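First comes the structure, then the notes that go with it.
Computed from a prediction, not measured in an experiment: that's the story for all the values here. Position 1 is the first residue of the sequence, and the numbers go up from there.
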Amino acid sequence: MNSVVKALVGGGVTFVVGLALWMFTGDIETPVVTLTKLGVVLMALGALEVVYGLYKGVVGSK
């Protein structure tokens with residue numbers, strides 16, 4: 001599997017996990033971190049990784 005596909009799949013999975021945390025853990029309290037905020041951070045990181053994979057795919061094809 002090349003690095004473009006790895007970045008796209010990894011970013012997509014990270015985004016989906018973050019989305020699940022954001023949507024379904026609003027009523028769960030943890031002492032260290034709020035799971036909804038962690039979900040937002042994971043969604044942002046996943047989206048950035050997908051954008052990076054798309055960039056590598058476009059630039060690498062030239």
> Given a cutoff of under 4.5 Å between side-chain heavy atoms of I, L, V, M, F, W and Y, with clusters grown through shared members, what are the other residues clustered with Val41?
Replying inline: Leu45
> Do Val17 and Leu38 share a hydrophobic cluster (ILVMFWY, side-chain heavy atoms under 4.5 Å, transitive)?
Replying inline: yes
>> The criterion is side-chain contact (heavy atoms from CB on, under 4.5 Å); which residues satisfy it with Asn2, sequence neighbours excluded?
In response: Val4, Val5
> What are the two closest non-hydrogen atoms of Glu49 and Lys6, and how far apart are they?
Replying inline: OE2-O, 4.4 Å
> Hey, are the side chains of Thr30 and Thr34 touching, using non-hydrogen atoms and a 4.5 Å cut-off?
Replying inline: no
>> Just to verify, what does Val16 make a side-chain contact (heavy atoms from CB on, under 4.5 Å) with, not counting sequence neighbours?
In response: none
> Mind checking whether Val40 and Phe24 sit in one hydrophobic cluster, side chains of I, L, V, M, F, W, Y counted as touching below 4.5 Å?
Replying inline: yes
> Of the non-hydrogen atoms in Gly53 and Ala7, which two are nearest, and what is the gap between them?
Replying inline: CA-CB, 3.7 Å
> Val51: what forms a side-chain contact (heavy atoms from CB on, under 4.5 Å) with it, not counting sequence neighbours?
Replying inline: none
>> Check for me, please, whether Trp22 and Val13 land in the same ILVMFWY cluster - side-chain distances under 4.5 Å, paths through other members count.
In response: no
>> Tell me every residue that passes side chain to side chain donor-acceptor pair (under 3.5 Å) with Ser3, counting only those two or more places apart in sequence or in another chain.
In response: Lys56
>> Going by side-chain contact (heavy atoms from CB on, under 4.5 Å), name the residues that satisfy it together with Thr25, two or more places apart in sequence or in a different chain.
In response: Leu21, Ile28, Leu35, Thr36
